[in-house]
Each structure stands twice: as structure tokens, then as C-alpha cells.
Undergrad: 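One structure is given below, represented as C-alpha cells, and several questions about it will come after.
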Amino acid sequence: MIEAAMIWNEPNNKSHWDPELDPDWSRFGQCVTLAGQAIKAANPAITRVLGGMSPIDPLWVQRMQGHGALDHVDVVAVHGFPLDWNLWQIQEWPAKVAEIEAVTDKPVWVTEVGVGSFGAEEVQVFGVQKTAELLVGRVPRIFWYSLFDLPQEWGATTRHREAEGSSYYRHFYMGLIRADGTPKPGLDAYAPHAADMGLMQWFHYQDPRLDDAVAWMKRLGVKHLRTGLSWADSFRPDALGWFDRQMEALADFDTTVTFCFTPEHLGPGAHHTSPPHDPQQFADFCAAMIERYAPARVEAAPAALQPALT
């Protein structure tokens, strides 16, 4: 079932939001406000999560508060990859969470944390174990990124691509299972923590790994999953058919679904990182997905209040 809706992914990272088109994030703040209102109207029981920030930046949280966006979310989320991309050490995780707790009274979730096997698979084993030691019990939700390696022929969703140098290629080694389907040693390290440390797994449009992912997660005892429904993908042929299949397959997990990625024809940047021309259209997409996959329950009226049958 869907327990939470995340509004965008890494919006303070130029790989996922274009700062040249929205330098003060005011347009993003409007997107959050409208989407948060729309999600709450569709189902007030859904937890609304501010798109996980990367880098972890308390000043950006304060900026979002200044735009009024935090009034329309229930949780603030952070992402961190200290052994791959960040400029801080893995043991600093509790301090990084505390930096955000110091500037908001919202709960803080770690909605992406990972360590890749780019340099050595033993590094990933250490990373899984150390992350669990530092974060399990420290925050309400943790999502390990990710279950599967990203196949190199698919390419990573980033604006930098090969301009990142070796950092770009780390994107393809973040999984606990190799692209050919064989487990890495990190999977055995993760297994004892699966019930407490969920998984973050993106599923691409018509992703052939969906059924295998479900089987692996059930075998591991994963309870919490984070994934995404792409606004841009919603314009592909039979998009709803794919979304239906994906969400039905994931129904047994407590799922945080991420709404993100602007369709090329709906933003001035003609790119998934562009703010939309009309943020209400993004909010409408969020509401439609909640109404389709997590509709609000209608409680039956007490018998004494029900109209008599004639």
C-alpha cells in the first residue's frame, strides 16, 4: 500500500531541478505547496514528504520554509552517499540528520542512502553494516539505494553524464545485485537489516526487473519500499497500464511513491529538471495518482444513521 508521497527527488541538486530556471527555488516551493494541498485533498492519511535533498543543506530547508512549502508537507527527507559522492565521512550520518532537525520540527527521513561497489565490493559490505549501525533507530524511515545495479546501456538520469568523470560511472554500481542478476556480498550484509532498513528502487517505464525485484524483496523480508511514478512517463503510450502493473506488483509493501520529472513539453527547459510552466498540472498529476492507487477510505455510516430501505 502507499503510505507516503514524496514531492520530487533531490530538488536542490541540479541533476533533478534546474537552478538556472529557478535560482531561488520559489517555483519549486509553489510546486510543493500545490502538490501538498492536492495530495491531502485526495487522501489526508497519506504522509507528504518533501523531496529528499542532496546535498544535505539546512539553509535550503530554511529557504523552503520561507516559501511556505513546509506548511504543506509532513516529513523532510535527506539523501546521502558519503563513500561515493558526498564530501563528508560515513560516521557523520547522525550529525547530518541533526543539522536538519535543528531547523525544522518535521520528522527527518533518510529516503536514499547507499554505498556502491565501484571500487570494491568489500567497501559496499562495510557501508551497509555501518549505515545500519548509525541510522537504524535514529530515524523513522531508511531506504537503501538500491536493490539492482543500473545497467550501463540504460544510462543514468543526470544532467552531467560523462562530464562527471568517474563519478558518473558510480551510478551503475549502487545495487546489491549485479545487472546480470547475481548477488553481491553486500546483499548478505543487508539481509539482517531488511525489516528495519527498506529499499529504494526506481523502476523504469516497462522495467523488466519488476517481478524479480518483488521476489527478492519478499525473500529478504523487506517491509518498506520507495519508488517513483514519473510525471514525464505519464505521457508515454499505455502509461497507466504500466503504472497499474507496477503498483499492483508492489501492493504488499509499505510504499513511499515519488512524484517527479517534468514532461519536456510542459516546462521552459524542455528537460525533466525544468520547473513546469503551470505547477498546478504537476499537482493534478499527484492527486490523480493518489486517487488511483491510494484512494481515501469512505467509512460506512452507523446503522442507525443509514437511510431505511423502501
Side-chain angles (χ1 to χ4, degrees), residues 4-42 46 48-79 100 103-104 106 111-112 155-161 163-164 171 200 202 204-205 226-236 239 243 256-290:
M6 176 177 278
I7 303 171
W8 218 262
N9 178 67
E10 299 186 0
N12 65 328
N13 185 317
K14 66 180 180 180
S15 285
H16 298 293
W17 191 262
D18 190 338
E20 293 184 4
L21 294 174
D22 186 26
D24 65 351
W25 282 275
S26 58
R27 296 173 74 175
F28 178 72
Q30 188 178 16
C31 285
V32 173
T33 295
L34 293 174
Q37 291 171 339
I39 292 165
K40 184 173 183 178
I46 297 294
R48 300 163 300 169
V49 185
L50 180 66
M53 73 191 82
S54 179
I56 297 172
D57 182 359
L59 295 178
W60 184 80
V61 176
Q62 291 175 315
R63 185 185 291 269
M64 289 298 100
Q65 180 65 69
H67 291 318
L70 295 194
D71 296 336
H72 302 284
V73 297
D74 308 296
V75 168
V76 172
V78 300
H79 295 176
I100 304 305
V103 297
T104 179
K106 307 284 183 182
T111 50
E112 267 190 50
T157 303
T158 172
R159 299 180 69 206
H160 311 303
R161 296 187 70 81
E164 295 181 5
H171 289 286
M200 194 285 152
W202 293 107
H204 292 225
Y205 174 71
R226 177 178 163 238
T227 191
L229 291 177
S230 165
W231 184 27
D233 280 350
S234 70
F235 289 88
R236 292 178 180 264
F243 288 171
T256 295
V257 62
T258 306
F259 301 130
C260 58
F261 299 159
T262 303
E264 289 186 2
H265 65 289
L266 294 181
H271 192 268
H272 76 275
T273 67
S274 176
H277 288 300
D278 181 0
Q280 185 60 52
Q281 290 181 303
F282 172 63
D284 292 344
F285 169 74
C286 297
M289 294 298 97
I290 294 298

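Computed from heavy atoms alone, side chains included, the values below leave out hydrogens, waters and symmetry copies. These numbers come from a predicted model, not from an experiment.
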Undergrad: Would you say the side chain of V257 lies within less than 4.5 Å of the side chain of M289, judging by non-hydrogen atoms?
TA: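 No; the side chains remain at least 4.5 Å from each other.
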Undergrad: Give the ring-plane orientation class for H272 versus F261, where under 30° counts as parallel, over 60° as perpendicular and anything between as tilted.
TA: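 Perpendicular, since the angle between the ring planes exceeds 60°.
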Undergrad: Look at the side chain of D233 and the backbone N and O of A239, then say whether any donor-acceptor pair between them is shorter than 3.5 Å.
TA: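 No: the side chain of D233 does not pair with the backbone of A239.
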Undergrad: Can you tell me how far apart NE2 (H271) and OG1 (T262) are? Round to the nearest 0.5 Å.
TA: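 It comes to 10.5 Å.
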Undergrad: Keeping W25 on the side-chain end and P11 on the backbone end, is there a donor-acceptor pair under 3.5 Å?
TA: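 Side chain of W25 to backbone of P11: a pair is present.
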Undergrad: What I want to check is whether the side chains of T111 and H79 have a donor and an acceptor closer together than 3.5 Å.
TA: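 The criterion, which ignores hydrogens and geometry beyond distance, is satisfied for H79 and T111.
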Undergrad: Would you give the length of the straight line joining atom CG of D57 to atom CD of Q62, rounded to the nearest 0.5 angstrom?
TA: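 Here the rounded value is 9.0 Å.
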Undergrad: Does the side chain of P55 come within less than 4.5 Å of W60's, by heavy atoms?
TA: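 No, side chains not in contact.
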Undergrad: Could you tell me which non-hydrogen atom of A38 sits nearest to which non-hydrogen atom of A283, and how far apart they are?
TA: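 A38 and A283 have their closest heavy atoms at CB-O, 3.5 Å.
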Undergrad: Using atom types as modelled and distance alone, determine if a side-chain donor or acceptor of T227 lies under 3.5 Å from a backbone N or O of W202.
TA: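 No, because the side chain of T227 does not come within donor-acceptor range (under 3.5 Å) of the backbone of W202.
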Undergrad: For the atom pair CG (D278) and CD (Q30), what is the distance rounded to the nearest 0.5 Å?
TA: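 Rounded to the nearest 0.5 Å, the CG-CD separation comes to 8.5 Å.
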Undergrad: Could you grab the distance from atom CD of Q281 to atom CG of L266, nearest 0.5 Å is fine?
TA: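 The CD atom of Q281 sits 5.0 Å away from the CG atom of L266.
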Undergrad: Please test E112 against E10 for side-chain contact (heavy atoms from CB on, under 4.5 Å), starting from the C-alpha separation and ending with a verdict.
TA: CA-CA 10 Å; E112 267 190 50; E10 299 186 0; 3.9 Å; yes
Undergrad: Is atom NZ of K40 surrounded by more than 12 heavy atoms (other residues, nucleotides or ligands) closer than 6.0 Å?
TA: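 No, not enclosed.
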Undergrad: Specify the closest pair of heavy atoms between V61 and V76, including all atoms of both residues, with the distance to one decimal.
TA: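 In this case the closest contact between V61 and V76 is CG2-CG1, 4.4 Å.
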Undergrad: Taking side chain as C-beta onward, heavy atoms only, is R63 less than 4.5 Å from L59?
TA: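 Contact flag for R63/L59 side chains = no.
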Undergrad: Could you state the interatomic distance from NE2 (H72) to OG1 (T33), rounded to the nearest 0.5 Å?
TA: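 Atom-to-atom, H72:NE2 and T33:OG1 are 4.5 Å apart.
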Undergrad: Do you know the tightest heavy-atom contact between K14 and P19?
TA: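 For K14 and P19, the tightest heavy-atom pair comes out as CB-CD, 3.6 Å.
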Undergrad: Sub-3.5 Å donor-acceptor pair from the side chain of R27 to the main-chain atoms of D22, do we have one?
TA: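 Looks like no, no N/O pair under 3.5 Å.
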Undergrad: Are the side chains of L50 and M6 in contact, using a 4.5 Å heavy-atom criterion?
TA: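 No; the side chains remain at least 4.5 Å from each other.
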Undergrad: Taking the ring centre of each residue, are F259 and F282 less than 6.0 Å apart?
TA: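 No: the rings miss the under 6.0 Å criterion.
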Undergrad: Might you point out which heavy atoms bring W17 and C31 nearest each other, and give the distance in Å?
TA: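 So the two residues come closest at CH2-SG, 4.2 Å.
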Undergrad: For D24, is there any backbone N or O sitting under 3.5 Å from a side-chain donor or acceptor partner on H67?
TA: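 At least one qualifying donor-acceptor pair exists.
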Undergrad: So how far is it from T258 OG1 to I7 CD1, rounded to the nearest 0.5 Å?
TA: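 These two atoms lie 10.5 Å from each other.
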Undergrad: Looking only at heavy atoms, which two atoms of I39 and R48 are closest? And how far apart?
TA: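 In terms of heavy atoms, the two residues are closest at CG2-CG, 3.8 Å.
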Undergrad: Would you say V75 and K106 make side-chain contact, with heavy atoms under 4.5 Å?
TA: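 Side chain of V75 against side chain of K106, heavy atoms only: no contact under 4.5 Å found.
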Undergrad: Please name the pair of heavy atoms, one in H16 and one in N9, separated by the smallest distance, quoted to 0.1 Å.
TA: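 Reported closest heavy-atom pair: CB-O, 3.1 Å.
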